[in-house]
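These notes concern the structure reproduced below.
In this text the structure is predicted, and so the values were computed from the model without any measurement.
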Amino acid sequence: ENSIDIDYASIGCSINKPFTINYGVVYDTEFTVSKLLADGNEVLEAGNIVLCNDEKIVLRNTSIHQSACPSCFSWDISGAPLDLVENEAAGTVTFSYGSDDPAAIWKLVYTEETGVCADSLTETRDVNVDYIDAKFTADPIVVCEASGNVQMTSTSLIGNTLPYTYDWTFDNNQDPVVTGSNDTPLINLPSPGVYDITLEVTSSTGCSDELDSTAVVRVTGDTEFTV
């Protein structure tokens, strides 16, 4: 069979063929864990989390490619989160729990728009829910003498983070404030007046709640007259 050799370089020929290359760059998927306090301030949490009254968990997407495609990210929150609010544009998800979760799992998943690239980050934390609702009863609420004892009983709703401390104050707005401790103190109110009562309950984690009630107990005073 006959053949011929062609030197393309000597005659300046070239062959062009179009083709497509699919490629992607995957950056690290990252997020931070914070606690949103009752006063609105946010603090980073590096370890296990204690949730006090009105506090929430905030997960914030800090991936470098978040702003380029917010919809490429999705959150997976384990357990039964409460009041979950996701802000896709800001890359945040905010939520709380109604009970302890010793192994809460939070996952941020990234899937590139074409589906070529994917990445994720998972965090596991111990969440201790320490909600407190301070309440109490007083017996009696009227003392028909110049002074007398009142039995106070805390009926507060507390968690399982023992021990709890109980701080009581009794104020009739004219005499020195009377104080008490423990959950069932017997308090002597030493002089007549209408007493406001405050109870603050604090757990070993530092969570607390306070109930301030006005005009709870009235000490009438002795009935006397002069001639």
Who pairs with F136 by ring-ring contact (aromatic ring centres under 6.0 Å, His included), at least two apart in sequence or on another chain? W168

If the condition is side chain to side chain contact (heavy atoms under 4.5 Å, CB included), which residues does N48 pass it with, not counting sequence neighbours? D126

Give every residue pair that meets the side-chain hydrogen bond (donor to acceptor under 3.5 Å, both in side chains) criterion with at least one member in residues 177-187, sequence neighbours excluded. none

Residue set satisfying side chain to side chain contact (heavy atoms under 4.5 Å, CB included) with A90, at least two apart, ordered chain then number -> N87, T92

Determine, stepwise, if the pair F73 / Y110 fulfils ring pair (Phe, Tyr, Trp, His ring centres under 6.0 Å). CA-CA 5 Å; F73 293 88; Y110 169 73; 4.9 Å; yes

Considering residues at least two apart in sequence or located in another chain, which fulfil the ring-ring contact (aromatic ring centres under 6.0 Å, His included) criterion with Y166? none

Going by side-chain hydrogen bond (donor to acceptor under 3.5 Å, both in side chains), name the pairs with one or both residues in residues 66-82, residues two or more places apart or in two chains. none

With sequence neighbours left out, write down each residue that passes ring-ring contact (aromatic ring centres under 6.0 Å, His included) with F95, or none if nothing qualifies. Y97, W106

According to the disulfide (SG to SG under 2.5 Å) rule, which pairs have a member within residues 147-178, sequence neighbours left out? none

Return each pair, listed once, that meets disulfide (SG to SG under 2.5 Å) where at least one residue sits in residues 157-215; pairs must be two or more places apart or across chains. C52-C207

Just checking I64: does its CD1 atom have more than 12 heavy atoms from other residues, nucleotides or ligands closer to it than 6.0 angstrom? no

Note: with side-chain heavy atoms under 4.5 Å as the link, the other cluster members for V43 come out as L37

Any carboxylate oxygen within less than 4.0 angstrom of a Lys/Arg side-chain nitrogen, looking at R125 and E45? no

Can you sort out the partners of S63 under side-chain hydrogen bond (donor to acceptor under 3.5 Å, both in side chains), two or more places apart, ordered by chain and number? N61

Applying side chain to side chain contact (heavy atoms under 4.5 Å, CB included), can you list everything that pairs with T137, at least two apart in sequence or on another chain? T153, T155

